Amino acid sequence: MGDELRLTIAADVDVVEARQQGRALAAVAGFSSGEQTVIAAAISEIARNILMYAKKGEITLSLVQNGDRQGVSIIASDQGPGIPDIERAMQYGYSTSHGVGAGLPGAKRLMDEFDLKSVVGQGTTVTMRKWRRSI
Amino acid sequence: MNTKKGTTVMTRPSEGPGSGLTESSAGLLRELVAHLRQNRTQLREEWARRITRAELLTAMTEEEIFAEATAVYDNYVEALETGTFEALQAYSRRLSERIIPRGVETDEVVGIVLLLRDVLARSLFTKYQDNVEKLNRILDSYEPAANRIANTVAVGFVEERERIIRQQQEAIRELSTPVLQVRERLLILPIIGVIDPQRARQLTEQLLRAIRANRAKVVVIDVTGVAAMDSGVANHLVQTVEASRLLGATVIVTGLSPEIAQTLVTIGVDLSEMATVGDLQGGIEEAERLLADRAPPSPPMRGELPPETSR
Amino acid sequence: MEVPILRQGQYLIASIQSALTDADLSHLREALIAQVGRSRCRGVIVDVTALDVMDSFAVRTLRDIAHMARLRGAETVIVGIQPDVAFAMVQLGLTLKGVATVLDLEEGLAFLDGRTKERTLEVKPKRPSGRG
């Protein structure tokens, strides 16, 4: 699937835009409205994470396919300060900012695949995917 | 679902004999097709005989086998001739639709296509046995095409089978998750059978929609018919209870067997927020009580305040 | 996007019309809490029927509204959470524990009526009516 959507995240309106675009893409991929909501919520969390810690970054949305499974891929990247203690950041309920600590671990719960790479001083990339159930 | 993709993945044109002999291989293919047309009656009969001898398609009569064999044979030759597989694909889909309900299995379909491939190859051996060099070239153009045909038919069959299985699963799921309204504002959800994550999700989505549609205040989820529950399903049940509360409905869980109750406690699922009653009858009575208390409405604010606010 | 806040009797009703940014949510929280104090109302209803997603920030804001309003003497009830939204919330681990939630505005009004009545009954014996 060549078509991917790149969205700049630099203000809180961008978070709203990103999750709306994500929901629309999930609808195209054939996800149920319940799953579309879940995907939109996960996007909201990682987009806000960019805003809170890096101020600016990018979210790339695309359709993916694995055999006959269809899914969506969401990549959030920033050149922010990076996460010094990834293990801690992924603990549910842990937050250094004003969230409820559901941000990254919350997004992980919602998705099928979740990968976090971060280098202090260079930035963070979150790659997550959700696959459509076979039915 | 995606018929085209499945077949293209499995059969690559690059399996062909090499690009150098396109012109002559086209000629050979023509010769091959002519041979198969000429000997249609005999080869077709031979094939049908071997199908019967191998005890394939036992669910079908000999006449039926011969009729299908004729159709497959003609489609086969046409696919060889034209190099296009759409007609064969469509035919194998229709064939599968006809024979799957009669209990024909995948190995039988694969078996008959491979038999046809062998019958035809043998006839080529016989025809060209005096000219090994030509035989080899004929086989070079026959084999990849024959393999691709076998693939197309087999994949068509499997896809049709999967489609039917999916349809049936869907139907079973809907049958097995009835959300019942027993009286105004009271829903009952009896769960029977095995709950996998997929079914659990579907159950929850159905229940939440039903709560909204029926303006339900109380839901009784009866799990008497659930044999076992792992931590995943138990946590899902907890989530269902929490999500129902967000829609303003109180959930009562009934029929947790002693075994399940023990498992849940052992694996440490937090059921403290869940109202449970021994059996369905008791659950409905409790629900009636809750509904009766509702004028004035009872506060659903059962949980405690998070630590950061002091009471 | 400003969220309109209506006053109906003893209650304030904030009815969210469309997707809100974090700033909109924070603004709603401040506006509601300021009005609770000014109008000395007894109940707050936040209608979220129009929200098709609720993430951790939105849920935290709603919780804060409920807790702050309580400290200022008003009960809060969240109404209109959509089924899909509720399911996504609990999967995220956001359960709005300790905050009242009901199906819709009508239920919300009935809920607050019940609560404020209860409260008045509780409070009366301790506080003689001749006071003030």
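In what follows, chains are A, B, ... by sequence order, proteins preceding strands, each numbered from 1. All values reported here derive from a predicted model rather than from experimental measurement.
- Of all heavy-atom pairs between Gln91(C) and Arg109(A), the closest is O-CD, 3.3 Å.
- Looking at Arg23(A), its side chain does come within 3.5 Å of a backbone N or O of Asp52(C) through a donor-acceptor pair.
- Nearest heavy atoms, Ser56(C) versus Arg48(A): OG-NH1, 4.3 Å.
- Looking at Gln20(A), the atoms closer than 4.5 Å to chain C (heavy atoms on both sides) all sit in the side chain, from C-beta outward.
- With hydrogens and angles ignored, the 3.5 Å screen pairs a side-chain donor or acceptor of Asp12(A) with a backbone N or O of Ala23(C).
- Looking at Val38(A), both its backbone and its side chain come within 4.5 Å of chain C, counting heavy atoms on both sides.
- Annotation: side chain of Val15(A) is not in contact with side chain of Thr21(C) (no heavy-atom distance under 4.5 Å).
- With chain C as partner, the option from Gly34(A), Ala40(A), Ala11(A), Ala42(A) having the largest number of non-hydrogen pairs under 4.5 angstrom is Gly34(A).
- Other residues, nucleotides and ligands place more than 12 heavy atoms under 6.0 Å from the CZ atom of Arg7(C).
- Nearest heavy atom pair, residue Ala19(C) against residue Arg19(A), reads CB-NH2, 4.5 Å.
- When every heavy atom of Asp84(C) is checked against every heavy atom of Ser33(A), the shortest pair comes out as OD2-OG, 2.5 Å.
- The two residues Leu92(C) and Ala41(A) have their closest heavy-atom pair at CD1-CB, 4.0 Å.
- The environment of Lys130(A) atom NZ is dense: over 12 non-hydrogen atoms of other residues, nucleotides or ligands sit within 6.0 angstrom.
- Other residues, nucleotides and ligands contribute more than 12 heavy atoms inside 6.0 Å of the CD atom of Glu113(A).
- At a threshold of 4.5 Å between non-hydrogen side-chain atoms, the residues Thr37(A) and Gln82(C) do not count as touching.
- Atom CG of Asp22(C) sits about 8.5 Å away from atom CE of Met52(A), to the nearest 0.5 Å.
- Shown here is Glu30(C), whose CD atom has more than 12 heavy atoms of other residues, nucleotides or ligands within 6.0 Å.
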